[in-house]
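Computed over heavy atoms, backbone and side chain alike; hydrogens, waters and symmetry mates excluded.
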Amino acid sequence: MIDLELLRKNPEIIEEEIKNRGMKIDVRADVRLDTERRSLIVRIDDIRAKKNEASKLIPKIAGTEKEKMINKMKSLNEDLSSLESQFEELDRRFFTNLAGYPNITHPSVPIGKDESGNITLYFVGNKPEFDFKVKNHVELGVGLDLIDEERASKISGARFVFLKNEVVLLQFALVQYVMNLLIGKGHIPLIPPVLVKERTMYGTGFFPAEATQYYKTELDDLFLIGTAEVPLCAFHSDETIDAARLPLKYAAYSTCFRREAGSYGKDMGGLFRVHQFDKIEMFIFASPGKSWQSYEYLRETLEEIVKGLGLHYRLMNMCTGDLGTPNAKKYDLEVWMPGQNTYREIASCSNDTEFQARRLNIKFKDGDKKGFVHTMNSTACAVGRTIMAIMENYQDQDGNIVIPDKLVHYMGGLKIISRKK
RNA sequence: GGAGAGGUGGCUGAGUGGUUGAAAGCGCUCGACUCGAAAUCGAGUAGUCAGACCAAAAUCUGUCUCGAGGGUUCAAAUCCCUCCCUCUCCGCCA
C-alpha cells in the first residue's frame, strides 16, 4: 500500500515510478477520485453530526417537539443513505485501484523493461574449472543414490523429489550451519506454521495477485505458504513495536509450497523447481531511518553464508521492470551451476520499505514519534537449490561429491559422498 | 468428532435501547508532598478517517470504531441474523 499523502501532494513521483516499471495506471484519474470521495466524506460527516446532536435532544423533550425532531431525523436518514451509497462505490473503486500501485523504488535501482535490464553488480569467487566432463546434479544424485524422482513422481506427481542417504544429512548440516550463523548475529529463530488463513495471504500482499501460486486445503480454507516471509511478516501485524527493539531480526526455517502454475516444462527434473522445498528466510523489522543500513546488512549476511560454502556467484541489482510490486529494491544472488553451465538464482533479498507494514498495520513508537516500520526479507538458504549447487560445484572425476569444509563438522565428519559399492 | 463458554480502551473488568468513547481498578505520564524514594493526593492517558490552521509539527472541530458484516429503530456495546476468532471439557492423536 502506498502513502496517500504522496498521491495527493506528489502524484508526479508516482507517475514516474509507474512509467519506470512499465505499468499502466491513470494516476490523475485516481487523484480526482480521491478528491471526490473526500468531499463526500465532508458532507456525510456533516449530516451525521446533525443526527448525533438531535439524538441527544430527543430523550429530553416530549410531545410535538419530539414528534418534529423524530421526523427531522427520518429525513436526514434519507439524505444520508443516498450519499453513503455513493461514497461506498467511489471508495471501493479508489482502494481497488490503489491496491495495484507499486512501491516507490530506491534511486539505486536500475530502470529497465524486464530481466534484460538487471545489472550484475559483481562476481564473487572463481568459476570452478573441471578437467573432466561435468555432470548435472540429477546425474550425480542418481549415481550416488541421493535423489529419487521416479518414486516421488509415482506417489505425488511431477516436481516432487525424495532426498535420500547423505544428502538428507547435508540438508540438516546446511540448516545447522546457517541457523547457528544467524543466531550468532542476533536473529531470533522461528519455525512458523506453514498453513495460514486467507487474510494472512492478503495482508502480506501475496493475494490476490499471486493467488494461483499457492495450495489451498479443501476442508479448512487454509493455505500452504510459499515462503516463510508470509508468517514472518504477519508475525507483528497490528502491533506497535518500541523503537528501542529495532531492528528486530528473525530467521525462520520452514517448508515452502508452490504450485508453479504457468511454468509447465520449465526447469523440469531435479531440485531446481519443485512444489515443495525447505528454506531459511531472514526477516527484519527496521525503523525507517535505518532501513537501508539493515537492508545492506541482510545482503552482507546472505553473501557471508554463500561465501562460507565456497560457491561462486554473481549479485544482481534487479531493474524496475523485474521488481515485485511491494519491492523498493531487490538483489538476486545467482550461483554458478556447472551442470547447467549458467548462473541460477538461489536467493533473493528485498526491501519493501513501509509497503507491507502499512497494509498489516505494523508501527513503531519512538518517544512521541510514531510511524510504520520498514520490512525486508532475504533468503538465507534455499536448501534444495543450495544442495544442488554444492553437488554440481563439488563433484569430482569419479562422480563423488566433496563436502564443503564448513559443513563437515555438521556431517559428523563426513568429507565426501562417494559411490556405494 | 461431541458438549459448552466467550470476544468491550495498554491490561483486568462494569455496562441489556437514549448526554456511554464507554464506570471502576491496574498500569503509564505529568504535577504536589519529600533531601530523595515509597506511600498518599491532584491532573492526564485509544485509534481511524476527514476538515480548519500550517512549511511542518502541535492544536482545534467533526466522523467512525465495544470481533466482522448486515438488520430492526428517530436512536444500538446493549435487540435480531450471518460469519470470524478465542477458550474449556470429553473423544481421537505425533
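- Residue-level contact check: A/K50 touches neither bases nor backbone, having no heavy atom under 4.0 Å from any strand.
- Using a 4.0 Å cut-off between charged nitrogen and carboxylate oxygen, A/E260 and A/R258 do not count as a salt-bridge pair.
- Here the separation of B/G44 from B/C49, taken at their P atoms, is 27 Å to the nearest Å.
- Remark: the separation of the P atoms in B/A55 and B/G47 is 26 Å, to the nearest Å.
- Taking atom NZ on A/K56 and atom C1' on B/A76, their separation rounds to 16 Å, with Å as the unit.
- Residue A/F283 is tested with A/L248, A/L232, A/L190, A/L298 for a side chain to side chain contact (heavy atoms under 4.5 Å, CB included); the sole match is A/L232.
- A close approach under 4.0 Å does occur between a side-chain nitrogen or oxygen of A/K363 and OP1 or OP2 of B/U48.
- Under 3.5 Å, the side chains of A/Q171 and A/D278 contain a donor-acceptor pair of N or O atoms.
- B/U19 and B/G71 have their P atoms separated by 23 Å, given to the nearest Å.
- Judged by a 6.0 Å distance limit and a 45° cone about the ring axis, A/K249 is positioned over the six-membered ring of A/Y297.
- If you take CZ of A/R48 and P of B/C64, they are 5 Å apart, rounded to a whole angstrom.
- Among the heavy atoms of the strands lying under 4.0 Å from A/I41 are primed sugar atoms or P, OP1, OP2 only; no base atom is included.
- Residue contacts for A/K197: at a heavy-atom cut-off of 4.0 Å it reaches the sugar-phosphate backbone alone, with no base atom in range.
- For the C1' atoms, the distance linking B/U86 with B/U29 amounts to 33 Å, nearest Å.
- Under 4.0 angstrom from either OP1 or OP2 of B/G62 there lies no side-chain N or O belonging to A/R43.
- Spacing between B/U16 and B/C66 at atom C1', rounded to whole Å, works out to 14 Å.
- Heavy atoms of A/N77 sit under 4.0 angstrom from primed sugar atoms or phosphate atoms, though from no base atom.
- Cation-pi contact between A/R385 and A/F277: absent, since separation from the ring centre below 6.0 Å together with deviation from the ring axis within 45° is not met.
- Backbone-only engagement by A/N52 is indicated by non-hydrogen atom pairs under 4.0 Å involving sugar-phosphate atoms exclusively.
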